[in-house]
Structure formats: C-alpha cells, structure tokens
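Structure, as structure tokens:
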Amino acid sequence: MGKARIIFHVDMNSFYASVEQAHNPDLKGKAIAIAGNPKERRGIIVTSSYEARHKGIYTTMNVGEALRKCPDLILLPPDFPKYRAASKAMFTILRSYSELIEPVSIDEGYIDITDIGTGRHPIDIAREIQMRVFNELDLPCSIGIAPNKFLAKTASDMKKPMGITILRKRDVQNKLWPLPVIEMHGVGESTAKKLATLKIHTIGELANVDEYLIRQALGKNGSRLRMRANGEDSREVDPNSIYETKSVGNSTTLPVDETDIEELEKTFLKLSERVAERLDAKKLCGSTISIQIRDADWHNHSKSKTFQNPIYNKELIYEEAINLFHKSWNGAPIRLLGITVSNVLDRKQSVEQLSIFNFEQFAKQEPIYELIDEIEKKFGKGAIQKGIEIDKSSYASKTSFSKDFLEDLKD
C-alpha cells in the first residue's frame with residue numbers, strides 16, 4: 001500500500017466581494033454585493049460579503065429584493081480583470097509549496113502536500129498558507145485537509161470564513177452520514193429527487209444502499225456517489241486538468257422576459273457564434289450539444305443531442321440548438337438562454353465516421369493529415385499547422401470568464 005495522501009482544498013471566502021474590500025479598505029466591514037447591470041434586468045446578486053449575508057443577502061437574489069432587505073447594501077459591478085489577478089496571485093502562493101496544484105475554478109483549488117507534509121504537521125502548513133494569502137493579498141480563505149479530494153472539498157465548507165478543518169475517513173460516519181443528501185458535493189436537486197424515489201434522504205442511506213440498485217437508478221454516477229458517501233475517492237490532484245476542456249458554453253440573461261420567437265432566435269444565433277468562436281480559439285469540436293432555458297419563474301429546462309460526428313461551426317450549432325428549443329419550449333416567458341457543446345476533443349484527434357456524405361471530403365483531407373504527421377514525427381508536434389491560425393483567445397475568452405481564467409495559469 002502506498003503512503004496515505006494529504007490533500008488540501010483551498011476555498012477563497014466570498015471571493016469577488018473580498019477582492020473589492022482588499023482594493024478599497026473603506027468597504028471593509030460593510031454590506032457589499034457584486035451584481036450585474038440592473039437596468040438591463042441583469043440585477044442578480046453574484047456574490048456578497050459576509051456582512052451582507054448576515055443581513056439575509058444571498059447569491060441569485062434579485063437586486064430589488066436585496067435592496068429592500070438591506071437598504072444600505074453597496075452594489076458594485078463585477079471587475080473581472082481584478083479578480084483574475086487576485087486568483088493568479090493566490091495560485092502563485094500555493095505553487096511555492098508544491099507543483100501538485102489543481103485549480104478548479106477562479107477561487108478554489110486542490111494541493112497535494114503528501115511529500116512536503118512529512119516534516120511538519122499539515123495544520124501548520126495550512127495555517128501558513130492561510131496567513132500568507134491573508135497577509136500578502138488581504139484575502140480570507142478556508143482550507144479542508146483530508147486523505148482525498150472529496151473529503152478535502154467537504155471539509156473546506158465546514159468552517160467559513162478563515163476556517164481550517166480536518167476530515168478523516170473515520171469521521172465520515174459521524175459527521176457526514178446524518179446530513180441530507182443534497183448537502184453532498186456532486187448531488188444536485190435533480191439527483192436528490194431521484195434518490196428520494198429510492199427512499200434515500202441522507203448521506204448515510206446513500207452510503208449503505210445496495211450497489212446494484214443505485215447503479216440501476218443512476219448508472220456509473222450512482223456507484224461513484226455511493227463511494228463518495230463512504231469517504232472513498234481515488235482521483236489524484238492533477239495539475240494538467242487545466243489543459244483539459246470538457247465543454248464550451250455560453251449563456252445570456254435577456255433584457256426582459258421574452259416570448260417573441262424572432263428575438264429568441266436572434267439570441268440563439270449570437271450564442272452559437274460565441275460558442276463557435278471559443279471552440280475555434282481552442283481548436284476543439286464536440287459531439288454533444290445542450291441548450292438551457294430558464295423561464296420567468298426560475299424553472300430550468302435543458303435538452304441535449306449527441307452526434308456521430310463532432311460539430312464546431314456556428315451554422316450547425318445554431319440549427320441544432322433551434323431544433324432542440326422548439327422541441328422543449330412550452331411558450332412560457334424566458335429570462336435566460338444557453339448553449340453548451342460538450343464531450344469536446346481536439347479537432348485533429350477527432351475521427352469522423354465515414355459516410356456517403358463526407359467520404360469525398362475526408363479522402364481529400366487524408367493525404368494532408370498524413371503529411372502533417374510525417375513532419376511532426378521529424379520536427380515535433382506543432383511544427384506545421386494547417387491554414388493560418390489567428391489567436392482569438394483575447395476575445396473568445398471573455399465569453400466564459402469562470403472557465404477561461406484557467407488560461408492565465410498555463411503560462
């Protein structure tokens with residue numbers, strides 16, 4: 001058996017609001033919230049300071065409702081360049097401890113300290129990281145310490161702000177099993193509803209459910225969740241995960257609750273263009289397209305379709321998105337639309353399923369790919385590229401800030 005791992009999950013506390021308070025000390029101790037543009041009906045709270053949370057403000061709350069609840073609430077528009085810079089600085093601090101860093105989003109990541117934790121107690125290392133982030137960046141964070149990623153992530157949520165929590169496998173039965181299953185990472189509302197039909201309401205009931213039963217109901221994900229409920233998680237901290245894009249998507253909140261089909265189709269066209277831009281910037285294609293619809297009552301609906309051949313051009317993305325939309329829209333007013341292309345892979349790696357329709361085109365391309373492969377064998381990957389590549393990351397990245405901030409960490 002190998003050495004037991006020691007994994008931290010570092011989770012920044014109220015990140016956007018904390019960055020604003022760090023940049024402007026006058027905001028410290030005050031109820032502040034980051035929100036979109038209320039005039040365009042994008043008045044939804046993105047995040048808020050702990051002072052605001054104590055007054056009942058929460059993420060996704062409408063700005064109008066937030067101001068009624070807390071009249072002295074200070075509203076600020078998001079400042080993404082500022083947040084990206086703070087995120088990069090935080091990960092730079094983490095990298096001074098280990099190269100085994102896996103950023104998960106702009107404000108959280110895993111660090112495996114197994115090899116550096118032998119001479120010092122993990123809590124001492126966690127305290128040092130926490131205080132460095134606080135003293136050097138003026139930002140609070142919570143850290144979960146555990147033998148695997150699932151337990152580390154769960155632990156970091158247990159004490160906020162500025163908490164440090166150890167969660168061992170032997171703690172799972174007492175600390176996690178009594179909790180409602182919805183509180184477990186990886187379980188959303190729809191999964192919780194499915195589990196409820198199996199009379200599974202707590203994490204403990206999920207941990208002890210029959211393996212065959214849960215697999216029948218939820219497939220591989222059911223088995224995975226059952227393992228997590230038992231505190232088991234074999235995933236390694238993977239620094240290369242930031243290079244792996246699993247999906248590319250874009251969504252937008254509409255200025256008004258919309259029912260005009262022409263306006264909705266125009267929105268889908270814009271979203272298709274943005275998704276295609278981002279796929280093009282990363283040289284990706286994907287075999288599954290999904291649409292998201294949120295109606296005026298905040299009910300979410302999604303529909304997806306998987307193809308034999310991966311797609312990436314805006315015309316096909318638009319056509320398929322519109323088809324899915326017409327199949328799923330019930331005529332209710334819409335406040336948000338989204339398109340995601342998933343199961344993505346590098347275009348050059350994608351193998352087309354030959355058909356009577358694409359055989360001729362594929363046959364013409366094949367000698368070119370063979371030539372590229374020969375040159376790359378001799379001179380290395382990327383020695384030759386087909387066509388002229390234009391770096392579109394400067395504008396394509398703006399469409400999905402939360403994921404594309406990871407590009408900053410690849411330098």
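Both backbone and side-chain heavy atoms feed into the values below; hydrogens, waters and symmetry mates do not.
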Testing the basics here: between [X] and [Y], what is the closest heavy-atom pair and its distance to 0.1 Å?
| X | Y | answer |
| --- | --- | --- |
| A192 | I182 | CB-CD1, 3.8 Å |
| P310 | L345 | CG-CD2, 4.3 Å |
| W177 | A229 | NE1-O, 2.9 Å |
| I45 | S48 | CG2-CB, 4.4 Å |
| P147 | R168 | CD-CA, 4.4 Å |
| F15 | L139 | CE1-CD1, 4.1 Å |

Between [X] (side chain only) and [Y] (backbone N and O only), is there a donor and an acceptor less than 3.5 Å apart?
| X | Y | result |
| --- | --- | --- |
| N230 | E232 | no |
| T47 | A17 | no |
| E263 | E258 | no |
| D107 | N13 | no |
| N135 | M131 | yes |
| R226 | L206 | no |
| R5 | D112 | no |
| S87 | I106 | yes |

[X] [atom1] to [Y] [atom2] distance, which is reported to the nearest 0.5 Å:
| X | Y | atom1 | atom2 | result |
| --- | --- | --- | --- | --- |
| L151 | L176 | CG | CG | 6.5 Å |
| E236 | E102 | CD | CD | 10.0 Å |
| L167 | D157 | CG | CG | 11.0 Å |
| L179 | I203 | CG | CD1 | 4.5 Å |
| K305 | I291 | NZ | CD1 | 12.0 Å |
| L264 | T259 | CG | OG1 | 7.5 Å |

Does I123 form a side-chain contact (heavy atoms from CB on, under 4.5 Å) with I166? I'd like the steps, not just the answer.
CA-CA 8 Å; I123 283 189; I166 294 179; 3.4 Å; yes
Quick check: are there more than 12 heavy atoms from other residues, nucleotides or ligands sitting under 6.0 Å from [atom1] of [X]?
| X | atom1 | value |
| --- | --- | --- |
| K270 | NZ | no |
| K153 | NZ | yes |
| Y318 | OH | yes |

Just so I know, are the side chains of [X] and [Y] near enough to count as touching, which here means a heavy-atom distance under 4.5 Å?
| X | Y | answer |
| --- | --- | --- |
| W298 | R294 | yes |
| I113 | I7 | no |
| Y312 | L284 | no |
| I334 | L337 | yes |
| I339 | I317 | yes |
| I289 | F307 | yes |
| E319 | S272 | no |
| S156 | I143 | no |

From CA spacing to verdict: salt bridge (charged side-chain N to carboxylate O under 4.0 Å, His left out), D72, K55
CA-CA 10 Å; D72 59 345; K55 295 184 178 182; 3.2 Å; yes
Would you sort out whether D295 and H301 count as a side-chain contact (heavy atoms from CB on, under 4.5 Å), showing the intermediate values?
CA-CA 8 Å; D295 64 29; H301 313 273; 3.5 Å; yes
Got a salt bridge between [X] and [Y], using NZ or NE/NH1/NH2 to carboxylate O under 4.0 Å?
| X | Y | answer |
| --- | --- | --- |
| E65 | R68 | no |
| E128 | R120 | yes |
| K149 | D233 | no |

Taking it one step at a time, do K314 and E277 satisfy salt bridge (charged side-chain N to carboxylate O under 4.0 Å, His left out)?
CA-CA 8 Å; K314 69 179 179 187; E277 264 178 20; over 6 Å; no
Check salt bridge (Lys or Arg N to Asp or Glu O under 4.0 Å) between E51 and all other residues, then give those that pass, not counting sequence neighbours.
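E51 satisfies salt bridge (Lys or Arg N to Asp or Glu O under 4.0 Å) with no residue once adjacent residues are dropped.
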Geometric class of the Y83/Y16 ring pair [parallel <30°, tilted 30-60°, perpendicular >60°]
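Geometry flag for Y83 against Y16: parallel rings.
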Indicate whether any N or O donor in one side chain lies under 3.5 Å from an N or O acceptor in the other, for [X] and [Y].
| X | Y | value |
| --- | --- | --- |
| S96 | R132 | yes |
| Q292 | T340 | no |
| S302 | S290 | no |

Scan for side chain to side chain donor-acceptor pair (under 3.5 Å) pairs involving residues 188-205, sequence neighbours excluded, and state none if there are none.
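Those involving residues 188-205 do not exist here.
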Which donor-acceptor pairs under 3.5 Å do side chains of residues 23-32 form with protein atoms, sequence neighbours excluded?
residue	atom	partner	partner atom	Å
N24	OD1	D26	N	3.1
K28	NZ	D138	OD1	3.1
K28	NZ	D138	OD2	2.4
K30	NZ	D26	O	3.1

Audit row: L336, I293, side-chain contact (heavy atoms from CB on, under 4.5 Å) steps and yes/no:
CA-CA 6 Å; L336 178 143; I293 303 168; over 6 Å; no
Using the ring of Y212 (Phe, Tyr or Trp, six-membered ring only), decide whether R215 places NZ or CZ under 6.0 Å from its centre and within 45 degrees of its axis.
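No, R215 does not lie over the aromatic ring of Y212.
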Mind checking whether F8 and Y110 have ring centres under 6.0 Å apart?
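No: the rings miss the under 6.0 Å criterion.
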D11 and S142: side chain to side chain donor-acceptor pair (under 3.5 Å), yes or no, with the steps?
CA-CA 5 Å; D11 192 6; S142 292; over 6 Å; no
What do the steps show when you test V63 against L75 for side-chain contact (heavy atoms from CB on, under 4.5 Å), and what is the final call?
CA-CA 9 Å; V63 164; L75 287 172; 3.4 Å; yes
